[in-house]
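Inspection log for the structure reproduced underneath, given as structure tokens.
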Amino acid sequence: MSVRVRFAPSPTGMLHVGALRDALFKSLFARHWGGQNILRIEDTDRTRYSPESEQEFIDTLKWVGIEFDEGPHIGGPNAPYRQSERKEAGIYAEWIVVLLGKGHAYKAFDTPEQLEEMREIQMINKRPSGYFGGIWRDGSPEQVAAAEAEGKPFVIRQRIPRDTAIVIEDAIRGRVEWDSNTVDDPVLIKADGMPTYHFASMVDDHVMEITHIIRGEEWLSSAPKHACLFDSFGWDRPIFVHCPVIVGTDGKKLSKRHGATRVLDYAARGFLKQALKNFIALIGWSPGDDREAMTEQELIEAFDIKGIQPSPGKFDYEKLKWLNGCAIRALDPEQLLQEIADYLARPYTTEYFEQLEPEPGSPNPKDVLRTLLLLRTTIETDRAYALEAIKLEQQRVQTLADFGEACEFFFVDLPPMDQKAVDKWFKDPVTASLFAYLLEECSSAYLSESGPEVYDASLRAFQAAYGLEKLGPVVHPTRVALTGKTTGPGLFELMSVLGPARIAARVERAKGLLK
RNA sequence: GGCCCGGUCGUCUAGCGGUUUAGGACAUCGCCCUUUCACGGCGAAGAUCGCGGGUUCGAGUCCCGUCCGGGCUACCA
């Protein structure tokens with residue numbers, strides 16, 4: 001039998017990195033075994049469901065390149081794939097009748113107040129809290145009929161067997177056992193007729209022939225209920241795989257406090273989908289050897305449940321950046337340029353920086369946005385020039401967003417000058433001669449189509465002519481004059497890309513700044 | 001309160017009773033490369049494997065206890 005897994009999110013907000021990890025593991029697992037990956041929307045809680053959120057889930061999944069073989073957006077043999085629609089189709093009603101008939105479920109007419117009081121008493125008595133009986137679990141048919149005749153609202157609960165052990169064999173944690181007397185009777189059908197997760201999900205997993213229930217460890221405590229439900233129906237249990245979760249640096253569940261958790265924000269910050277997936281896969285999973293930077297194909301080939309760690313992992317932003325830098329360097333320049341163009345074409349990229357609050361220690365979002373828009377314009381108007389600039393910066397950035405700031409000096413007429421750099425490098429008397437020399441060189445025809453080696457030779461000729469011991473006094477003032485900064489690509493390479501006209505204009509301006 | 005899960009360098013991890021002076025990676029520091037910043041290369045520092053008992057000739061690896069952390073304990077998922 002082929003492997004079948006499902007990503008079954010409840011679209012109640014943004015798609016965060018924890019959900020992405022969940023989806024990624026399943027996708028990798030399905031691809032590894034040549035099985036099917038199914039998308040199912042769990043929207044049985046109508047008060048929390050939002051269609052915008054569902055759209056965000058689909059958009060995000062599309063961006064990261066996690067694909068499904070069946071789902072609400074593409075259909076499939078098990079349609080519909082939204083639980084609200086499956087409810088309308090009568091799927092859950094049909095199965096609850098079966099369960100009721102077998103005596104594994106029962107109607108309970110307790111009021112919320114009664115349940116609340118029950119739990120309080122249980123806590124005080126140091127007993128497991130939850131619904132273990134009351135009058136309805138063992139209510140007589142007459143009592144039930146009477147309550148129904150009165151029109152009292154009711155829920156349908158699962159009848160968990162008592163005085164026995166419930167054992168599951170988890171693929172990551174091994175054998176886990178519960179005393180069934182500590183497992184309460186969960187609600188299967190709510191008073192409004194909607195199924196709960198416990199019921200809808202398990203019924204769907206069976207109907208859709210899911211072979212592995214891969215989910216976060218927060219579900220482990222409900223696993224005995226789910227296992228019992230399969231047993232009650234007489235269905236084969238799928239393999240349970242309870243994955244560790246991703247937590248924030250404080251060890252708590254990832255939330256807004258830990259910085260960005262929305263996957264689309266990572267896209268907007270200029271992370272490559274392959275780097276993000278690579279990084280996310282490495283939290284809680286390892287190929288078993290020392291490999292870290294891996295391609296999609298390598299991840300699929302290496303992915304295995306045996307490599308999943310039982311303990312939760314923290315999200316290390318620094319390592320993500322490193323991996324992203326590796327991914328950028330792995331691209332050939334043409335691909336990279338296309339990647340950048342796509343990145344800049346996405347509306348959310350600009351939107352993100354527009355609404356981002358400035359933070360001390362990181363570049364001002366306004367500046368990032370400005371330089372990014374400049375890069376976009378240049379790619380549109382002078383693609384070849386933009387490509388040359390990007391080639392030179394490819395080795396020194398970590399995110400796509402970094403290209404804006406890094407390439408800025410290539411694209412503006414006169415780059416903004418770093419005053420400290422000017423103060424440091426424009427005071428040597430020889431600098432005036434250097435600038436004069438550069439202007440003269442630029443007016444010579446031979447420089448117009450020159451490569452880096454020609455600029456190299458030209459500057460070294462100046463060094464020799466003035467008997468300078470080191471190249472520094474030549475290189476540094478020139479760099480500041482041309483880029484406004486003390487850091488950046490190799491000077492000769494950058495000069496070759498700028499060309500004599502731009503060089504001349506910048507040197508001319510720099511002359512005016514000399515001490 | 002109850003039930004369950006987890007615990008190896010700051011972080012992600014390798015380890016599946018002996019080849020371990022516990023390996024790799026990120027971050028940190030140093031050196032090299034070099035016109036700068038990066039990239040790359042080399043190296044340093046960093047974990048008595050939460051703690052305490054066992055089992056064993058031998059334990060990070062098995063068992064028990066304990067502590068700490070987390071999850072669940074909804075007519076949420």
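Below, chain A is the first sequence line, B the second, and so on; all start at residue 1. Heavy-atom basis, side chains included; hydrogens, waters and symmetry copies ignored. Since the model is a prediction, treat every value here as computed from it, not as a measurement.
Rounded to an integer number of Å, the gap from A:Asp316 CG to B:rU11 C1' is 5 Å. If you take CD of A:Glu217 and P of B:rC3, they are 19 Å apart, rounded to a whole angstrom. Atom NZ in A:Lys107 sits about 19 Å away from atom P in B:rC75, given to the nearest Å. Summarising the geometry, the separation between CG on A:Leu282 and P on B:rA25 is reported as 13 Å, rounded to the nearest angstrom. Straight-line distance from the OH atom of A:Tyr131 to the C1' atom of B:rC3: 20 Å, rounded to whole Å. The distance from atom NZ of A:Lys420 to atom C1' of B:rU36 is 16 Å, rounded to the nearest whole Å. Going from atom CD of A:Glu120 over to atom P of B:rG2 covers 18 Å, rounded to whole Å. Computed from coordinates, the A:His476 NE2 to B:rC37 P distance equals 8 Å when rounded to whole Å.
No contact: A:Glu393 has no heavy atom under 4.0 Å from any strand. Using a 4.0 Å heavy-atom distance criterion, A:Gly490 is classed as a base contact. Within the 4.0 angstrom heavy-atom criterion, only backbone atoms of the sugar-phosphate kind lie near A:Ser311; the bases stay farther away. Within 4.0 Å of A:Gly313, counting heavy atoms only, lie sugar-phosphate atoms of the nucleic acid but no base atom. Nucleic acid contact for A:Pro489: base, since at least one base atom lies under 4.0 Å from a heavy atom of the residue. Using a 4.0 Å heavy-atom cutoff across all strands shown, A:Val155 reaches at least one base atom of the nucleic acid. Residue contacts for A:Ser10: at a heavy-atom cut-off of 4.0 Å it reaches the sugar-phosphate backbone alone, with no base atom in range. Residue-level contact check: A:Arg48 touches the bases, meaning some heavy atom is under 4.0 Å from a base atom. A:Asp110 comes within 4.0 angstrom of a nucleotide base, judged by non-hydrogen atoms across all strands. Within the 4.0 angstrom heavy-atom criterion, base atoms lie near A:Leu491. Among the protein residues, A:Gly216 comes within range of no part of the nucleic acid, since none of its heavy atoms lies under 4.0 Å from any strand. In this structure, A:Phe279 reaches neither bases nor backbone, as no heavy-atom distance under 4.0 Å exists between it and the strands shown. Counting any heavy atom pair closer than 4.0 Å across all strands shown, A:Thr44 reaches sugar-phosphate atoms only and no base atom.
A donor-acceptor contact under 3.5 Å is formed by the side chain of A:Arg396 with the base of B:rC37. With hydrogens and angles ignored, a donor-acceptor pair closer than 3.5 Å exists between the side chain of A:Lys319 and the base of B:rA25.
Listed nucleotides: B:rU35, B:rU13, B:rA74. Nearest to the side chain of A:Arg119: B:rA74. Residue A:Glu292 places its side chain closer to B:rG24 than to any other of B:rG24, B:rG1, B:rA77. Checked against B:rU13, B:rU35, B:rG71, the side chain of A:Ser221 finds its nearest nucleotide in B:rG71. Distances from the side chain of A:Ser286 to the nucleotides B:rA14, B:rC4, B:rC75 place B:rA14 closest. Side-chain atoms of A:Trp178 lie closest to B:rC3 of the nucleotides B:rC3, B:rU8, B:rA77. Nearest to the side chain of A:Trp322, among B:rU8, B:rU36, B:rC26, sits B:rC26. Checking B:rU73, B:rC4, B:rA77 against the side-chain heavy atoms of A:Lys190 singles out B:rA77 as nearest. Here the nucleotide nearest the side chain of A:Gln309, chosen from B:rA14, B:rA77, B:rU11, is B:rA14. Proximity note for A:Glu318 (side chain, C-beta onward) versus B:rC4, B:rC76, B:rC26: the nearest is B:rC26. Nearest to the side chain of A:Val176, among B:rA77, B:rC5, B:rU35, sits B:rC5.
Between A:Glu169 and A:Arg237, no side-chain nitrogen of the basic residue sits less than 4.0 Å from a carboxylate oxygen of the acidic one, so the salt-bridge criterion is not met. Between A:Asp205 and A:Arg40 there is a salt bridge, since at least one side-chain N of the basic residue sits less than 4.0 Å from a carboxylate O of the acidic one. One finds no salt bridge joining A:Glu42 and A:Arg82 here, because no Lys/Arg side-chain nitrogen approaches an Asp/Glu carboxylate oxygen to under 4.0 Å. For the pair A:Lys427 and A:Asp423, the salt-bridge criterion is not met [side-chain N within less than 4.0 Å of a carboxylate O].
Nucleotides B:rU73 and B:rG53 place their C1' atoms 33 Å apart, quoted to the nearest Å. Look at the P atom in both B:rC5 and B:rG65: the space between them is 12 Å, to the nearest Å. Across the C1' atoms, B:rG50 and B:rC68 are found 7 Å apart, a figure rounded to whole Å. Taking atom P on both nucleotides, B:rG43 is separated from B:rA25 by 10 Å, rounded to a whole Å. When the P atom is used for both B:rA77 and B:rC3, the distance is 26 Å, rounded to whole Å. Rounded to a whole angstrom, the distance from the P atom of B:rA44 to that of B:rC26 is 15 Å. The separation of B:rU55 from B:rU19, taken at their P atoms, amounts to 22 Å, rounded to a whole angstrom. For the P atoms, the distance linking B:rC39 with B:rC29 amounts to 12 Å, nearest Å.
Note that the CZ atom of A:Arg86 and the CD1 atom of A:Ile41 stand 12.5 Å from one another [nearest 0.5 Å]. For the atom pair A:Glu408 CD and A:Lys485 NZ, the distance stands at 7.5 Å (nearest 0.5 Å).
Put simply, A:Ser222 has no side-chain N or O that comes within less than 4.0 Å of OP1 or OP2 on B:rC72. When the side-chain nitrogen and oxygen atoms of A:Arg291 are compared with OP1 and OP2 of B:rG24, none of them lie within a distance under 4.0 Å.
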For this session: Evaluate the ring pair (Phe, Tyr, Trp, His ring centres under 6.0 Å) criterion for residues A:Tyr266 and A:Phe271: first the C-alpha distance (whole Å), next the side-chain angles of each, then the deciding distance (0.1 Å), finally the verdict.
Result: CA-CA 6 Å; A:Tyr266 286 91; A:Phe271 287 94; 5.7 Å; yes
For this session: Determine, stepwise, if the pair A:Phe29 / A:Phe25 fulfils ring pair (Phe, Tyr, Trp, His ring centres under 6.0 Å).
Result: CA-CA 6 Å; A:Phe29 184 67; A:Phe25 273 19; 10.0 Å; no
Exercise. Under the ring pair (Phe, Tyr, Trp, His ring centres under 6.0 Å) criterion, do A:Phe279 and A:Tyr317 qualify, and how do the steps go?
Worked result: CA-CA 10 Å; A:Phe279 171 69; A:Tyr317 193 63; 8.7 Å; no
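In this pair, A:Phe426 and A:Phe435 present their aromatic rings perpendicular. The plane angle is above 60°, beyond the 30 to 60° band.
Judged by closest nucleotide on RNA chain B, A:Thr486 is the one of A:Gln83 and A:Thr486 placed further toward the 5' end. Place A:Pro112 and A:Met123 on RNA chain B by their nearest nucleotides, and A:Met123 ends up nearer the 5' end.
Across the strands present, B:rG58 finds no partner; the criterion is a Watson-Crick or G-U wobble pair with both atom distances under 3.5 angstrom. Across all strands shown, B:rG65 forms a Watson-Crick or G-U wobble pair with B:rC51, both key distances being under 3.5 Å. Of all nucleotides present, none satisfies the Watson-Crick or G-U wobble test against B:rC37 with each distance under 3.5 Å. The partner of B:rG43 is B:rC29, by the rule that a Watson-Crick or G-U pair needs both atom distances under 3.5 Å.
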